[in-house]
Amino acid sequence: MDILNALNESQRRAAEATEGYIRVIAGAGTGKTRALTHRYTYLVKELGISPSNILCITFTNKAASEMKRRIKAMLGASFDTSFVATLHAFCTRVLREDIDKLFYPDSFIVLDNTDQKKILEEVYDEMGIRMDTASFKFMIDQIRYYKNLLTYMDYLSDPSFDYDTLRSDKPSDEIIFRYIKKQRKYFGLDFFDLINFTIYLFRKHPDIHEKWQRRLCYIMVDEFQDITAKEFKMIRRLSEINRNLFVVGDPDQNIYEWRGANMSVIMDFEGWLNNPCFENQLSLTARDVVLAENYRSSGAILKAANSLIAKNRNRIEKSLVTDGEQGVPVHWHHGKNEADELHFICETVKAHRESGGRFGDIAVLYRSNFASRAVEQGFMSAGIPYKIWGGVGFYERTEIKDVLSYLRLVDNPDDDLSFKRVANLPRRKLGKTKMKLISNYAEEKGISLFTAAKELCRENTLKGSGAAGFIAIIENLREAASTLPVSELAARLLSDTGYELYIRESGDLERLDNVAELMRNITAQEEEFGELLTLTVFLQTLALMRDSDSADEDDRVKLMTIHTAKGLEFEKVFLVGMTEGIFPSARSLEERKEVALEEERRLCFVALTRAKQALWLTECEGFGVKGFSKVPSRFLFDIGEENLERSGRLSDGIREECARQVRLFDKIEEQICAVGDQMRHKIFGEGIIEAVDEKNRTYYIRFVNGTRPISFDYDGLSHVF
């Protein structure tokens with residue numbers, strides 16, 4: 001029983017709940033990992049359960065490693081924790097034992113991101129398609145969507161299947177078919193396949209399924225709010241014989257619905273346990289334990305976080321509490337412009353350092369990657385060392401390096417590195433053979449690649465390529481550079497070279513956001529410079545700023561997105577870019593309305609609860625998204641000005657503009673009709689609502705001629721009173 005002495009009352013209640021279906025609602029910083037690991041240890045040490053009969057599922061390798069470390073600290077270093085694993089690792093274990101039943105060898109290869117790219121490169125090469133980062137990401141997403149259907153398993157597990165019978169008029173389908181054929185040839189399974197193969201194996205071979213059901217007497221699942229419907233169905237079926245399933249999560253920290261996480265599983269746990277989709281209906285009941293005592297953040301931070309998340313409707317009500325100190329107030333800084341916001345951040349960081357603190361104590365969080373640009377630039381100017389976590393620095397991103405290479409080539413056509421990077425970007429039929437021809441000619445003549453290409457065009461050697469057009473564009477832009485501001489020159493460059501269209505067609509909206517942020521940065525630098533900022537001076541200034549570095553690799557401010565920060569904690573946190581349309585994201589609100597707003601608010605809640613001692617929320621006036629002026633995020637008002645200490649004057653005009661933008665960015669106030677309502681459609685006539693899908697904003701209405709899906713946004717629908 002000493003195992004449980006270190007737990008508080010709620011944690012102990014969770015650890016001692018060993019039998020049946022248990023849902024633990026664990027708020028941020030309430031010690032859920034402690035409860036999980038002590039429960040595991042309690043099962044082994046006090047109940048005598050073998051670790052080979054306990055499955056503990058986590059969703060990241062880092063979380064699995066931490067849980068193993070804690071368990072071994074209590075039970076001994078030699079203790080077997082192989083069933084403390086991610087879901088993908090568990091599925092790999094299952095398949096190593098029995099994948100031969102699906103005509104695959106147990107030595108199958110697990111394909112990582114690099115392996116997938118190599119297979120796609122082979123497919124693209126066969127089909128004569130140019131491979132790049134954007135199209136790779138797009139196709140991986142398309143493959144995931146296709147594999148969600150599971151129908152591909154029927155032929156992937158059939159050694160006699162003729163893949164030439166797979167046909168489609170869509171080029172993307174053809175790529176998917178070839179990809180699957182090649183992965184079969186290599187006996188490779190990607191991360192999507194690991195779960196799909198396991199589900200398929202259990203479905204086709206009930207004896208194997210029963211073997212694992214009997215083996216796993218106790219199943220525990222961490223971060224349960226992030227589970228997908230498919231994953232839950234597999235786990236629920238595994239628990240059918242022993243009926244012991246312990247799940248831990250927090251609906252207020254569900255931030256992955258856009259990636260397939262199904263929040264309704266944790267919200268209606270008992271309902272999902274008894275879902276009609278299960279062939280084996282069991283009439284199951286579940287018990288709840290709530291963990292609300294926070295051991296991480298100060299009272300002031302928790303008060304702000306509680307106030308914010310209380311505005312969400314779709315949640316299990318709870319408030320985080322602490323026995324710790326109230327701490328310093330959460331601070332909101334409203335800047336008159338971006339420079340003001342950055343000055344506040346940099347001066348606050350330097351004051352922390354001068355008072356004996358470390359740069360490494362501080363994290364700067366933001367909603368989207370592009371928001372790091374301003375902070376990076378401010379830190380470089382102020383000599384503050386920083387490190388990007390979970391990503392690359394703004395100026396190291398592919399699309400930013402592409403645009404800057406174009407600008408460098410306009411400034412200096414003899415820049416061979418820039419020429420190599422962008423000459424065939426977008427594709428201009430300047431592949432390896434023609435680039436080698438240009439390189440050899442340049443070396444022979446002792447000239448730059450640009451000059452060599454120009455001379456070869458005159459000789460008609462590069463006929464059939466877009467080299468001549470590319471050279472003309474660079475020369476025209478070079479001529480314009482003497483009179484045009486850098487911002488106008490860059491805008492013209494994006495259009496004339498076709499690079500902006502290339503980014504748009506890739507479908508990667510984040511890359512487009514990053515390019516837009518670079519354009520905003522150029523405009524801001526022009527305004528700050530005062531006189532005409534030349535292209536040469538702009539590029540030199542940027543290069544000098546980026547050259548600053550620090551010898552201490554560890555003592556750096558950490559910069560990261562909020563998604564990256566999930567599961568982490570920091571002494572002091574800046575949450576920057578608290579601007580309406582940026583956070584919450586206008587794009588998300590347009591796509592998913594109120595569902596997105598609640599997820600964005602949960603994301604903000606996660607950000608607030610990363611801070612232990614101090615929290616600063618910053619935003620500024622200026623030019624924002626979609627032509628709107630920048631105004632404070634609605635989330636600042638959700639937190640409540642009574643829970644915040646503010647610096648910077650907030651005028652009545654800004655408050656009015658904020659309210660106006662909130663009304664424009666979403667239509668939360670709309671009245672959603674209910675099942676059973678009688679409706680009149682201007683084409684189909686009268687009907688009755690049979691179902692309402694709020695996530696996809698669709699009514700299913702039964703008319704005389706059948707049921708039709710009708711969008712919430714359709715204006716030809718009205719009530720019949």
Side-chain angles (χ1 to χ4, degrees), residues 10-11 14 23-36 59-60 63 221-228 247-269 272 288-322 330 365 367 561-569 573 575 578 583-585 588 592 594-612 615 617 633-640 643 668 694-695:
S10 297
Q11 292 169 340
R23 176 180 67 170
V24 178
I25 304 299
T30 57
K32 68 177 179 63
T33 304
R34 173 183 285 245
L36 274 164
F59 280 82
T60 66
V221 185
D222 190 15
E223 300 289 4
F224 193 65
Q225 76 279 350
D226 295 332
I227 201 164
T228 67
V247 302
V248 183
D250 182 10
D252 289 341
Q253 296 185 75
N254 175 293
I255 58 175
Y256 293 113
E257 279 192 295
W258 55 274
R259 210 166 65 182
N262 193 326
M263 187 169 160
S264 70
V265 180
I266 189 170
M267 290 291 291
D268 184 20
F269 181 50
W272 271 83
D288 283 344
V289 178
V290 177
L291 305 184
E293 187 174 351
N294 180 282
Y295 293 94
R296 177 189 299 152
S297 304
S298 70
I301 293 170
L302 293 182
K303 190 175 181 182
N306 285 332
S307 179
L308 171 80
I309 202 62
K311 304 301 186 295
N312 271 8
R313 302 180 205 174
N314 188 27
R315 64 186 296 261
I316 295 171
E317 191 171 339
K318 68 178 184 307
S319 288
L320 298 176
V321 296
T322 179
V330 176
L365 310 183
R367 170 64 178 85
T561 64
I562 303 168
H563 284 97
T564 301
K566 176 79 186 303
L568 303 177
E569 58 183 40
V573 169
L575 178 53
M578 290 292 287
F583 196 20
S585 161
S588 294
R592 297 188 295 136
E594 188 168 3
V595 172
L597 176 60
E598 295 221 343
E599 183 166 349
E600 292 283 301
R601 194 176 280 116
R602 291 194 295 270
L603 188 60
C604 188
F605 174 80
V606 167
L608 302 187
T609 54
R610 299 311 94 197
K612 297 167 73 174
L615 174 64
L617 313 174
S633 166
R634 71 181 77 190
F635 293 157
L636 291 163
F637 301 103
D638 285 348
I639 291 170
N643 297 319
I668 303 306
E694 291 190 32
K695 185 172 184 178

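We count residues from 1, following the sequence as given. Atoms considered below: every heavy atom in the structure, side chains included; atoms not considered: hydrogens, waters and symmetry mates. All values reported here derive from a predicted model rather than from experimental measurement.
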So, using side chain to side chain donor-acceptor pair (under 3.5 Å) as the criterion, who are the partners of [X] when residues are at least two apart?
X	result
Asp226	none
Thr228	Glu231
Arg34	none
Glu257	Arg602

With sequence neighbours excluded, tell me which residues meet salt bridge (Lys or Arg N to Asp or Glu O under 4.0 Å) with [X].
X	answer
Asp288	Arg23
Asp252	Arg315, Lys318
Glu598	none
Glu600	Arg367

Fill in the blank from the handout: salt bridge (charged side-chain N to carboxylate O under 4.0 Å, His left out) pairs touching residues 296-311, sequence neighbours excluded, are Arg296-Glu569

Handout entry: Asp250 vs Phe605, side-chain contact (heavy atoms from CB on, under 4.5 Å): CA-CA, chis, key distance, verdict
Key = CA-CA 11 Å; Asp250 182 10; Phe605 174 80; 4.2 Å; yes

Practice task
Fit a plane to each ring of Phe583 and Phe635, take the angle between them on a 0 to 90° scale, and name the class: parallel (under 30°), tilted (30 to 60°) or perpendicular (over 60°).
Solution key: perpendicular

Between [Y] and [X], is there a side-chain heavy-atom distance shorter than 4.5 Å?
X	Y	value
Pro251	Ile25	yes
Pro584	Arg601	no
Trp272	Ile266	no
Val321	Asn306	no

Could you measure the distance from the [atom1] atom of [X] to the [atom2] atom of [Y]? Nearest 0.5 Å is fine.
X	Y	atom1	atom2	result
Ile309	Ser319	CD1	OG	11.0 Å
Asp268	Asn262	CG	CG	10.5 Å
Leu291	Thr30	CG	OG1	4.5 Å
Tyr256	Leu603	OH	CG	8.5 Å
Ser264	Asn314	OG	CG	8.5 Å
Leu365	His563	CG	NE2	12.0 Å

Practice task
Determine, step by step, whether Glu223 and Gln253 satisfy the side-chain contact (heavy atoms from CB on, under 4.5 Å) criterion, reporting the C-alpha distance in whole Å, the side-chain angles of both residues, the deciding distance to 0.1 Å, and the verdict.
Solution key: CA-CA 9 Å; Glu223 300 289 4; Gln253 296 185 75; 5.9 Å; no

Fill in the blank from the handout: By side chain to side chain contact (heavy atoms under 4.5 Å, CB included), Thr322 pairs with (sequence neighbours left out) Leu302

Exercise for the section: Tell me, please, which residues at least two apart from Thr60 pass side chain to side chain contact (heavy atoms under 4.5 Å, CB included). Expected result: Lys62, Ala63

Quick check: closest heavy atoms across [X] and [Y], and the distance to 0.1 Å?
X	Y	result
Leu320	Gly27	CD2-CA, 3.7 Å
Val573	Ala607	CG1-O, 4.5 Å
Ala596	Ser588	CB-O, 3.2 Å

Exercise for the section: Applying ring-ring contact (aromatic ring centres under 6.0 Å, His included), name anything that partners Phe637, two or more places apart in sequence or on another chain. Expected result: Trp332

Handout entry: CA sep, side-chain torsions, deciding dist, call: Lys32, Asp222, side-chain contact (heavy atoms from CB on, under 4.5 Å)
Key = CA-CA 9 Å; Lys32 68 177 179 63; Asp222 190 15; 2.9 Å; yes

Exercise for the section: In sequence, state the C-alpha distance, the side-chain angles, and the governing distance for Leu617 and Leu608, and then conclude on side-chain contact (heavy atoms from CB on, under 4.5 Å). Expected result: CA-CA 9 Å; Leu617 313 174; Leu608 302 187; 3.8 Å; yes

Problem - Sole candidate of Ile255, Leu575, Thr609, Ile562 that passes side chain to side chain contact (heavy atoms under 4.5 Å, CB included) when paired with Cys604 - result: Leu575

